[in-house]
*Asks:* 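For reference, the structure I am asking about is given below.
Keep in mind that what you see is a predicted model, and the values were worked out from it rather than measured. Each ligand, and each atom within it, is numbered from 1 in the order the structure gives.
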Amino acid sequence: MWKFDLQDLEELQPMINRLNDKKAKLDSSRPLPNSALQRIKTDLSLEWTYNSNSIEGNTLNLQETQMVLQEGITIKGKSLREHFEVFNHEKAIDYLYTLVKESYQLRGIDILSLHGLVLRSIEDDFAGRIRNGGVRIVGANFTPPNANKVSDLLDELIDFVNNNPLGLNEIVLTTIFHHKLVWIHPFFDGNGRTVRLAMNLLLMRRGFPPAIILKTDRKKYYEALNQANKGSYYKLCLLMLQALERSLNMYINALPGNSYGDYEPIASIVAEPDIPYGQEYVSLLARQGKIDAHKEGKDWLTTKKAVKEYIINRKRIR
Ligand SMILES: Nc1ncnc2c1ncn2[C@@H]1O[C@H](COP(=O)(O)OP(=O)(O)OP(=O)(O)O)[C@@H](O)[C@H]1O
Ligand SMILES: [Mg+2]
């Protein structure tokens with residue numbers, strides 16, 4: 001089995017606990033108000049499609065993606081391929097939802113099916129098929145394994161996910177799966193989109209919302225993958241946790257009587273007289289996962305309550 005360094009992940013435990021608390025809060029609030037639920041689900045699917053395709057180089061923006069999906073409009077100046085990428089990704093999400101249930105165990109065939117949907121009508125010769133030749137990843141610090149190893153490596157990875165021999169937390173397990181799959185790079189193309197679908201299948205079967213890696217974090221994401229190639233999962237776990245916290249917060253915000261407080265831009269929170277920290281420091285705490293926060297576009301949002309709790313906890317430690 002693979003070797004990796006998970007020691008520094010201990011630092012992320014408070015963040016993992018916070019996310020698990022939020023998930024428990026959501027679970028205990030079910031059934032959630034139906035209208036809000038539908039809206040968030042639609043918003044998340046749209047963002048997921050936009051961001052995942054955009055990371056891959058698709059040039060449609062969020063609004064254009066929405067117009068294509070919700071109104072069936074074609075966007076002037078954009079290729080047929082880019083339109084297919086949008087439709088296909090949405091179809092892949094629909095398919096994924098049919099698989100989500102608590103007892104779900106990862107199967108190779110589901111990874112192939114997701115990949116098949118992602119590349120349908122775009123690269124039909126490769127869609128749903130493992131590569132039979134070498135690949136390179138631009139900017140990566142390694143070359144993916146030889147094509148004749150792919151099938152065995154995939155089986156090994158699927159066993160690892162299903163048996164969880166190290167008893168890892170679900171989010172950490174999913175992060176390792178994410179990295180190992182793109183490291184194996186089983187396909188000629190579409191690896192990134194496929195793994196970002198499959199990782200969410202793993203999270204959603206446990207009742208988490210989908211985690212969406214943002215286009216604006218693309219550079220950070222690739223750096224984190226390079227770190228993971230060297231055996232260190234800290235950065236990739238942090239990115240996954242941040243992505244997940246953002247989606248959790250969308251649901252938390254919609255809860256009647258939400259006890260977490262209102263998420264506001266950090267600038268407006270530090271402007272309050274009873275907050276003794278400046279914008280830079282609170283932003284740092286947010287980026288490090290030390291306070292309840294999430295990114296919206298390029299801005300971080302947090303709550304007054306989260307900052308105040310941090311102050312109290314710090315005093316306790318001293
Ligand atoms: N340094 C790296 N180490 C490991 N994996 C990487 C690295 N850089 C990128 N990747 C992964 O490879 C994916 C790109 O592979 P590929 O082009 O087959 O997928 P795609 O779906 O077409 O594009 P994308 O993944 O960018 O959406 C990235 O999304 C990322 O998940
Ligand atoms: Mg590609």
*Asks:* Check each heavy atom of Ser52 against ligand 1 and say whether those closer than 4.0 Å belong to the side chain, the backbone, both or neither.
*Replies:*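 Answer for Ser52: backbone.
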*Asks:* List the steps and the verdict of salt bridge (Lys or Arg N to Asp or Glu O under 4.0 Å) for Asp292 and Lys305.
*Replies:* CA-CA 9 Å; Asp292 174 11; Lys305 189 168 180 223; over 6 Å; no
*Asks:* Can you tell me which portion of Ile55 lies within the under-4.0 Å heavy-atom range of ligand 1? Options are side chain, backbone, both, or neither.
*Replies:*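 It is both backbone and side chain that touch ligand 1.
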*Asks:* Relative to ligand 1, is Phe142 under 4.0 angstrom through side chain, backbone, both or neither, heavy atoms considered?
*Replies:*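 Phe142 to ligand 1: side-chain contact only, backbone stays beyond 4.0 Å.
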*Asks:* Can you give me the closest heavy-atom contact between Pro256 and Pro33, atom names plus distance?
*Replies:*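 In terms of heavy atoms, the two residues are closest at CD-CG, 4.2 Å.
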*Asks:* What atoms of ligand 1 come within less than 4.0 Å of a heavy atom belonging to Arg193?
*Replies:*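 Going through ligand 1 atom by atom, the ones under 4.0 Å from Arg193 are 20 (P), 21 (O), 22 (O), 25 (O), 27 (O).
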*Asks:* Return a yes/no value for Gly190: is any of its N or O atoms, backbone included, closer than 3.5 angstrom to an N or O of ligand 1?
*Replies:*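 There is such a contact, yes.
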*Asks:* Does Asn229 reach ligand 1 with a nitrogen or oxygen that is under 3.5 Å from one of the ligand's nitrogen or oxygen atoms?
*Replies:*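 By distance alone, the answer is yes.
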*Asks:* Would you tell me which option among Val118, Asn51, Ile137 has the nearest heavy-atom contact to atom 8 (N) of ligand 1?
*Replies:*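 Answer by nearest heavy atom: Ile137.
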*Asks:* Identify the closest protein heavy atom to atom 18 (O) of ligand 1: which residue and atom is it, and at what distance?
*Replies:*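 Scanning the protein heavy atoms, the shortest distance from atom 18 (O) of ligand 1 goes to Asn191 ND2, 2.7 Å.
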*Asks:* Do Ile130 and Val161 belong to the same hydrophobic cluster, where Ile, Leu, Val, Met, Phe, Trp and Tyr are linked whenever their side-chain heavy atoms lie under 4.5 Å apart, directly or via other members?
*Replies:*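 Yes, one cluster joins them.
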*Asks:* Flag yes if Leu12 and Ile291 sit in one hydrophobic cluster, no otherwise; membership is Ile, Leu, Val, Met, Phe, Trp, Tyr, and two members link when side-chain heavy atoms are under 4.5 Å apart.
*Replies:*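 Unlinked, Leu12 and Ile291 end up in two clusters.
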*Asks:* Which protein heavy atom lies closest to atom 5 (N) of ligand 1, and at what distance to 0.1 Å?
*Replies:*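 Answer for atom 5 (N) of ligand 1: Val182 CG2, 3.6 Å.
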*Asks:* Which protein heavy atom lies closest to atom 27 (O) of ligand 1, and at what distance to 0.1 Å?
*Replies:*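 Protein heavy atom at minimum distance: Arg196 NH2, 2.4 Å.
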*Asks:* Does the N or O separation between Tyr222 and ligand 1 drop below 3.5 Å for any pair?
*Replies:*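 For ligand 1, there is an N or O atom that lies under 3.5 Å from one belonging to Tyr222.
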*Asks:* Where is the nearest protein heavy atom to atom 25 (O) of ligand 1: which residue, which atom, and how far?
*Replies:*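 That would be Gly192 CA, 2.7 Å.
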*Asks:* Measure up the Tyr310 and Tyr277 rings against each other and bin them: parallel (under 30°), tilted (30 to 60°), perpendicular (over 60°).
*Replies:*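 Perpendicular, since the angle between the ring planes exceeds 60°.
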*Asks:* What I want to know is whether His179 and ligand 1 share at least one N or O pair that is separated by under 3.5 angstrom.
*Replies:*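 There is no such contact.
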*Asks:* Thinking salt bridges, do Arg205 and Glu102 make one under a 4.0 Å N-O criterion?
*Replies:*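 Between Glu102 and Arg205 there is no salt bridge, as every charged N stays at least 4.0 Å from the carboxylate O atoms.
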*Asks:* Quick one: look up the protein heavy atom nearest atom 10 (N) of ligand 1 and list residue, atom name and how far away it is.
*Replies:*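 The answer is Leu225 CD1, 3.5 Å.
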*Asks:* Please find the N/O/S atom of Asp189 nearest to the Mg ion (ligand 2) and write down its name.
*Replies:*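 The Mg ion (ligand 2) is closest to the Asp189 atom OD1, counting only N, O or S.
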*Asks:* Just say parallel, tilted or perpendicular for the rings of Trp183 and Phe142, cut-offs at 30° and 60°.
*Replies:*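 The rings of Trp183 and Phe142 lie parallel, inter-plane angle below 30°.
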*Asks:* Counting only heavy atoms, which portion of Tyr221 has something under 4.0 Å from ligand 1: side chain, backbone, both, or neither?
*Replies:*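 For Tyr221, the contact with ligand 1 is made by the side chain alone.
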*Asks:* Please name the pair of heavy atoms, one in Met199 and one in Ala211, separated by the smallest distance, quoted to 0.1 Å.
*Replies:*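 For Met199 versus Ala211, the nearest heavy atoms are CE-O, 3.4 Å.
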*Asks:* Does any N or O of ligand 1 fall below 3.5 Å from an N or O anywhere on Asp189, backbone included?
*Replies:*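 Yes; at least one N/O pair falls below 3.5 Å.
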*Asks:* Can you sort out which atoms of ligand 1 are near Ala140, meaning under 4.0 Å from one of its heavy atoms?
*Replies:*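 Selected atoms, number and element: 1 (N), 2 (C).
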*Asks:* Between the side chains of Arg196 and Glu56, is the shortest nitrogen-to-carboxylate-oxygen separation below 4.0 Å, so that they form an ion pair?
*Replies:*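 Salt bridge: no.
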*Asks:* Would you call Arg81 and Asp189 a salt bridge, taking side-chain N to carboxylate O under 4.0 Å as the test?
*Replies:*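 So Arg81 pairs with Asp189 through a salt bridge.
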*Asks:* Taking Glu245 first and then Arg18, would you say they form a salt bridge - that is, a charged N and a carboxylate O separated by under 4.0 Å?
*Replies:*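 Yes, Glu245 and Arg18 are salt-bridged.
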*Asks:* How far is atom 14 (C) of ligand 1 from its nearest protein heavy atom, and which residue and atom name does that atom have?
*Replies:*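 The answer is His185 CE1, 4.1 Å.
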*Asks:* Going by the side chain to side chain donor-acceptor pair (under 3.5 Å) test, name the single residue among Asp21, Asp27, Asn20 that passes it with Lys23.
*Replies:*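 Of Asp21, Asp27, Asn20, side chain to side chain donor-acceptor pair (under 3.5 Å) with Lys23 is met by Asp27 alone.
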*Asks:* Could you tell me the residue and atom name of the protein heavy atom closest to atom 23 (O) of ligand 1, and the distance to it rounded to 0.1 Å?
*Replies:*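 Among all protein heavy atoms, the one nearest atom 23 (O) of ligand 1 is Glu56 CG, 3.0 Å.
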*Asks:* Given Leu236, Asn226, Leu197, Ile122, identify the one with the heavy atom nearest to atom 1 (N) of ligand 1.
*Replies:*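 It is Asn226 that holds the nearest heavy atom.
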*Asks:* Any idea which heavy atoms bring Leu214 and Asn51 closest together, and the distance?
*Replies:*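 Taking every non-hydrogen atom into account, CA-OD1, 3.5 Å.
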